[in-house]
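Please read the structure below before turning to the comments.
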There are 2 protein chains.
Amino acid sequence: MAAVDLSTHPGHLARRLQQAHSLLWGAMVSEETTSPQFAVLNALVEKPDIDQRTLSEHVHLDRSTIADVVARLVRRGLVERVRDPKDGRRNVLKLSEEGTRHHRKLVTRTARMNRVFLAPLEESEQETLLRLIARVADAAEELRG
Amino acid sequence: MAAVDLSTHPGHLARRLQQAHSLLWGAMVSEETTSPQFAVLNALVEKPDIDQRTLSEHVHLDRSTIADVVARLVRRGLVERVRDPKDGRRNVLKLSEEGTRHHRKLVTRTARMNRVFLAPLEESEQETLLRLIARVADAAEELRG
DNA sequence: ACGAATTAATCAGTGCACTGAGTATTTCTC
DNA sequence: GAGAAATACTCAGTGCACTGATTAATTCGT
C-alpha cells in the first residue's frame, strides 16, 4: 500500500495550523502567557467566580489540563484561587488586579496577531475558515461530549 | 476592556479542532499509534532511508519532537534506526516489516475516520476547509521557516 | 592539512493535553 | 440520619511540541 497525502488529512493540517499559530503567538503576543492561558484569563473576565469544571467547559480544556494551566497563572499572581466556603469541593477563581491588566494588554495584541495570521486569505475566506473549523469541532465534541 | 469572543480566534479553534481530532483518532484508528506517529510511518513509506532532519521537514515537526516520536516507534519495533556509516552524524530510518504492515492497516482506518470527522460539511466545503488551512499554515511556516 | 564553520542528533527544561485512579465533599435515597 | 451516588479536584503516567545548550561528525577555507 502506497503512502498517503497528509495534506488531505484534517488532523495533520490542524496540528500544523496550531503549531504555526503558537509560534507566531510567541513572537507577537507574549512569550510567557500562552494562548490557552489567555483563553482562561478571558473566560474569567467574562465569568468571574466560576469553578474549574465550569471553566473547563468554557474553554474546551479537560479538568486536569485546566488545573495545570490555572496553577501556573496562580503562581504568577494573575489568578486567585480559593476554596468555596459554600461547597468545599469547588475552587472559585477570579482575576487579580494584575491579571485584569494583563488580559487588557493581550487583547489588543491578539487582535493584531489574528490579522497577520489570517492575512493570506481574503476577508470572506477568513470568515469561511473560522466557520468551517467551528462546525467540525462542534460536531466532533458532540460525539463524545 | 471586555472579554473577547474566542470563536473568532483561529488559534483557539485550531486547538479545539486538533483536540477533537485526536480523541476521534483514539476511538477509530488506534489507541497506541498516534496521529504524529502515523505521519512518521507514512513519510518512511514514501521515502525510506532518510535521516531525522529530512523527516522533520516532511512532517513539519521539529528536530527534538521527531527524536521522541521515532524513539517510541523504535521501541515498539516499527522503525529501525541505524547510524549512517557514510556520515556519522545521521540516523538512517526505515520501516520494519511490522511497521509496514502496521502502516497498511492504519491507512484504511484513517480514510474512514477522515470521512466521519468531516461528515458535518458538504463535500465542497471539506475541500475548501483543507485548502484554506493549508494556505494559512504554509504562509505562517514561511514567516519563520 | 588544520582550524573554523556547519550540520545532525541529543539532553534538559517547560508547557499543553489526555486517561485512569484516588481523595474529599456534597447530595440523594431510603 | 446513615449509607450510596455523584461531584470537584488532585495526582501519576504518557505523549506531543518547543527552545536553548551540548556533543559529535563533516565540510569548508585558506
Side-chain angles (χ1 to χ4, degrees), chain A residues 11-12 14-27 30-40 50-57 59-76 81-93 137 140-141 144, chain B residues 11-12 14-27 30-40 50-57 59-76 81-93 137 140-141 144:
Chain A
H12 186 72
R15 188 181 56 68
R16 283 181 54 199
L17 186 67
Q18 212 222 314
Q19 227 57 43
H21 174 271
S22 86
L23 225 68
L24 190 59
W25 179 284
S30 170
E31 293 198 2
E32 301 85 39
T33 306
T34 64
S35 169
Q37 286 174 15
F38 174 75
V40 165
I50 58 177
D51 60 275
Q52 294 182 187
R53 165 142 185 52
T54 311
L55 177 59
S56 85
E57 280 169 15
V59 298
H60 298 273
L61 280 176
D62 101 325
R63 64 213 187 287
S64 281
T65 304
I66 278 290
D68 280 354
V69 174
V70 167
R72 281 175 212 113
L73 293 170
V74 168
R75 179 150 42 86
R76 288 170 54 199
R81 174 175 50 183
V82 290
R83 270 297 195 233
D84 187 345
K86 301 279 181 52
D87 184 341
R89 295 168 299 182
R90 288 188 171 81
N91 287 333
V92 173
L93 307 172
E141 284 163 1
R144 2 209 109 236
Chain B
H12 186 72
R15 187 179 57 67
R16 282 180 55 199
L17 186 67
Q18 211 222 311
Q19 227 60 41
H21 174 270
S22 84
L23 225 68
L24 191 58
W25 178 283
S30 170
E31 293 199 1
E32 302 84 39
T33 305
T34 64
S35 167
Q37 287 174 14
F38 173 74
V40 165
I50 57 178
D51 60 275
Q52 294 183 186
R53 167 142 183 52
T54 310
L55 177 59
S56 87
E57 281 169 13
V59 298
H60 298 274
L61 281 176
D62 101 324
R63 63 211 186 288
S64 280
T65 303
I66 278 290
D68 280 353
V69 174
V70 166
R72 282 177 212 112
L73 293 171
V74 168
R75 176 150 44 86
R76 288 172 54 202
R81 174 175 51 183
V82 289
R83 268 305 194 230
D84 186 346
K86 301 280 181 52
D87 184 342
R89 294 168 299 183
R90 288 187 170 82
N91 286 334
V92 174
L93 307 172
E141 284 164 0
R144 7 209 108 235

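Quick caveat, the model's predicted, so the values are computed rather than measured. In the text below, chain A, chain B and the rest are named by the order of the sequence lines, each starting its count at 1.
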With sequence neighbours left out, the residues meeting side-chain hydrogen bond (donor to acceptor under 3.5 Å, both in side chains) with Gln37(B) are Arg76(B)

Between the CD1 atom in Ile66(A) and the CG atom in Asn91(A), the distance rounded to the nearest 0.5 Å is 11.5 Å

Compute whether any side-chain donor of one residue and acceptor of the other, for Glu141(B) and His60(B), lie under 3.5 angstrom apart.
yes

The reported gap from CG in Asp84(B) to CD1 in Ile50(B) (rounded to nearest 0.5 angstrom) is 12.5 Å

Separation of dA8(D) atom C1' from Leu93(A) atom CG, nearest Å, is 12 Å

Thr54(B) meets the side-chain hydrogen bond (donor to acceptor under 3.5 Å, both in side chains) criterion, sequence neighbours left out, with Asp51(B)

Separation of dT19(C) atom P from Asp68(A) atom CG, nearest Å, is 14 Å

Ranking Gly88(A) and Thr65(A) by the position along DNA chain C of their nearest nucleotide, the one closer to 5' is Thr65(A)

Separation of dG20(D) atom C1' from Glu31(A) atom CD, nearest Å, is 12 Å

To the nearest angstrom, the NZ-C1' distance between Lys86(B) and dT27(D) comes to 17 Å

Taken to the nearest whole Å, CD/Glu57(A) to C1'/dA8(D) is 12 Å

Ile50(A) atom CD1 is separated from dC9(D) atom P, nearest whole Å, by 10 Å

Rounded to whole Å, the CD-P distance (Gln18(B) to dG15(C)) equals 19 Å

Heavy-atom closest pair (Phe38(B) atom, Thr33(B) atom, distance to 0.1 Å) is N-CG2, 4.1 Å

In this structure, CZ of Arg15(A) is separated from CG of Leu17(B) (nearest 0.5 Å) by 12.5 Å

Whole-Å distance, Arg15(A) CZ to dG15(D) P, equals 17 Å

Note to self: Can you see if the side chain of Gln19(A) gets near the phosphate of dC18(D) - specifically, an N or O under 4.0 Å from OP1 or OP2?
What the structure shows: yes

Reading nucleotides 3-12 of chain C from 5' to 3' and marking B where a protein heavy atom lies under 4.0 Å of the base, S where only the sugar-phosphate is that close, and - otherwise, the string is ---BBSSSB-

DNA chain C nearest-nucleotide lookup for Asp62(A) and Glu32(A): closer to the 5′ end is Glu32(A)

